[in-house]
J.: 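Quick one: the structure is below, questions incoming.
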Amino acid sequence: MQSSGRQVARGSLPAEHISRTFGDYVTTSANGAFDRTPFIAGNWKMNMDHVQGITLLQKLAWTLSDAKHDYSRVEVAVFPPFTDLRGVQTLVQGDDLHIAYGGQDLSQFDSGAYTGDISGQFLNKLGCKYVLVGHSERRTIHNESDEVLNAKVKAAFRHGVVPVLCVGEGLEIRQAGTHVDHTLQQLRAGVAGLTNEQAAELVVAYEPVWAIGTGEVAGPEDAQEMCAAIRAELETLFGADVAAKTRLLYGGSVKGNNAGAILRERDVDGVLVGGASLDPAEFANIVRFESHLVAD
Ligand code: PGA
């Protein structure tokens, strides 16, 4: 029986595995509990029509159910295309799934003459808990500026949807060594004007653009370096209590075989997964990253 959902793993593991798995498990405090609830998010991008999307979600739910996944210990969310969301809502409600879902973008406006855009109010009405804001593909392909993204973050909160603000540098900036400054600048612009409560609820995803869809993964220490810098910046802006609550994700070529090492880092609270989230077995493996630590 898993009690609080946060301190169960040690007790449920054979004794001989405990030191191997949790002895150097720095994501957790000394007693094996997570500092923040880990968050595993799947960004389907422009893949899966509404029929394919339902099949994918069903397979994911079955796989996690077979594995007796504890959703209160590790939260799971998917980000399907807009046209899938109504079907996803129906499946989640009908089968009482504990998988959260969200949009991949939203408008900074609430309603009106904005052809092709989607209001945060519509996402809320469809039961979306989260929405991605400022994914690098939106920043580059749609030229979304930091000012627009700040307005989108505020629009999400206005409609009761939690924004997942994506930040991260391209290859040239990484090579020039200014990646921390660059990413923190995106962060500051994105969170400008938020209240402390909003900043604590916000999720920030660090996604180095050179690692997205390329097979190049930033090393766990790169992910930790940036997430620690983001948390320190949030502390400067909103105070230590807030910074201790904000969940920080890493994204970029995350797979079942590298998720555990990344999530082991203290300031990395989750992962935003693109390609691997389209394969239910692979994505379920990422969700179950703690079990890979046993096999490491
Ligand atoms: P990837 O995408 O996992 O396919 O690299 C990550 C993302 O763009 O969120």
Side-chain angles (χ1 to χ4, degrees), residues 38-48 52-53 56-57 60 74-82 84-85 99-106 128-144 149 152-153 156 162-171 173-174 179 182-183 186-187 190 202-220 222-224 226-227 230 247-263 265 268-289 292:
F39 185 41
I40 311 298
N43 172 13
W44 295 358
K45 307 194 180 186
M46 197 173 74
N47 298 293
M48 302 287 146
Q52 296 167 325
L56 172 58
L57 189 58
L60 176 64
V74 176
E75 187 179 0
V76 183
V78 292
F79 293 84
F82 288 133
D84 295 15
L85 287 173
I99 298 175
Y101 54 91
Q104 297 175 10
D105 179 41
L106 82 166
C128 289
K129 186 168 175 196
Y130 298 101
V131 62
L132 301 182
V133 176
H135 188 280
S136 65
E137 287 147 21
R138 302 292 315 175
R139 290 178 187 264
T140 53
I141 302 168
H142 297 273
N143 294 317
E144 293 190 359
L149 297 176
K152 290 188 173 193
V153 165
V162 174
V164 178
L165 174 67
C166 304
V167 294
E169 81 285 354
L171 184 58
I173 291 169
R174 166 66 59 161
H179 50 285
H182 174 89
T183 301
Q186 288 181 332
L187 175 75
L202 175 79
V203 178
V204 179
Y206 168 57
E207 298 205 301
V209 180
W210 48 271
I212 295 178
T214 59
E216 289 287 328
V217 193
D222 295 318
Q224 168 59 20
M226 191 65 80
C227 287
I230 290 172
R247 287 187 294 178
L248 308 182
L249 317 184
Y250 165 79
S253 298
V254 174
K255 307 269 181 297
N257 63 10
N258 58 27
I262 294 165
L263 284 156
E265 298 291 342
V268 182
D269 306 311
V271 285
L272 180 54
V273 184
S277 71
L278 301 176
D279 176 342
E282 182 74 11
F283 189 62
N285 257 333
I286 298 171
V287 171
R288 303 188 61 249
F289 67 94
H292 309 309

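Just so we're clear, the structure is a prediction, and the values are computed from it rather than from any experiment. Every number for a ligand or one of its atoms is a count from 1 in the order of the listing.
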J.: Just heavy atoms, cut-off under 4.0 Å: does A211 contact ligand 1 by side chain, backbone, both, or neither?
T.: backbone
J.: In ligand 1, which numbered atoms sit nearer than 4.0 Å to a non-hydrogen atom of G252?
T.: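 Result: 5 (O).
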J.: Would you give the length of the straight line joining atom CD1 of I286 to atom CG of L263, rounded to the nearest 0.5 angstrom?
T.: 9.0 Å
J.: Could you tell me which atoms of ligand 1, counted from 1 in the order shown, lie closer than 4.0 angstrom to a heavy atom of S253?
T.: 1 (P), 3 (O), 5 (O)
J.: Can you confirm, on distance only, whether ligand 1 has an N/O atom lying under 3.5 Å from any N/O atom belonging to A276?
T.: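 A276 vs ligand 1: no N/O contact under 3.5 Å.
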J.: If you round to the nearest 0.5 Å, how far is OG of S136 from CD1 of I141?
T.: 8.0 Å
J.: Could you check whether any side-chain N or O of E282 sits under 3.5 Å from a backbone N or O of G256, counting only pairs where one atom can act as donor and the other as acceptor?
T.: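 It does hold such a pair.
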J.: List the closest protein heavy-atom neighbour of atom 4 (O) of ligand 1: residue, atom name, distance to the nearest 0.1 Å.
T.: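 Minimum-distance protein heavy atom for atom 4 (O) of ligand 1 reads G275 N, 2.8 Å.
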J.: Could you identify the single nearest non-hydrogen protein atom to atom 3 (O) of ligand 1 and state the distance to 0.1 Å?
T.: G274 N, 2.9 Å
J.: Atoms of ligand 1 less than 4.0 Å from G213 heavy atoms?
T.: 1 (P), 4 (O), 5 (O)
J.: Near H135, which atoms of ligand 1 are under 4.0 Å from a heavy atom of that residue?
T.: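 What qualifies from ligand 1 is 7 (C), 8 (O), 9 (O).
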J.: Checking D222 against M226 for the side-chain contact (heavy atoms from CB on, under 4.5 Å) test, could you report, in this order, the C-alpha distance in whole Å, the side-chain angles of both residues, the deciding distance, and whether it holds?
T.: CA-CA 6 Å; D222 295 318; M226 191 65 80; over 6 Å; no
J.: What residue and atom, counting heavy atoms only, is the protein's closest point to atom 7 (C) of ligand 1, and at what distance?
T.: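 In this structure, atom 7 (C) of ligand 1 has E207 OE2, 3.2 Å as its nearest protein heavy atom.
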J.: Ignoring hydrogens and geometry, is there a side-chain-to-backbone donor-acceptor pair from N43 to G274 under 3.5 Å?
T.: no
J.: What are the atoms of ligand 1, with element, lying closer than 4.0 Å to any heavy atom of N43?
T.: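 This gives 9 (O) as the contact atoms.
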J.: For ligand 1, which atoms, with element, lie under 4.0 Å from some heavy atom of K45?
T.: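 That gives atoms 2 (O), 7 (C), 8 (O) of ligand 1.
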J.: Please check if the side chain of Y130 supplies one atom and the backbone of L132 the other of a donor-acceptor pair under 3.5 Å.
T.: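 Looks like no, no N/O pair under 3.5 Å.
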J.: Does a side-chain N-to-carboxylate-O contact under 4.0 Å join R139 and E207?
T.: no
J.: Kindly write out the residues that satisfy side chain to side chain donor-acceptor pair (under 3.5 Å) with W210, not counting sequence neighbours, or none if the list is empty.
T.: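 By the side chain to side chain donor-acceptor pair (under 3.5 Å) rule, W210 matches E169.
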J.: At a non-hydrogen distance cut-off of under 4.0 Å, which region of I212 contacts ligand 1 (side chain, backbone, both, or neither)?
T.: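 For I212, the contact with ligand 1 is made by both the backbone and the side chain.
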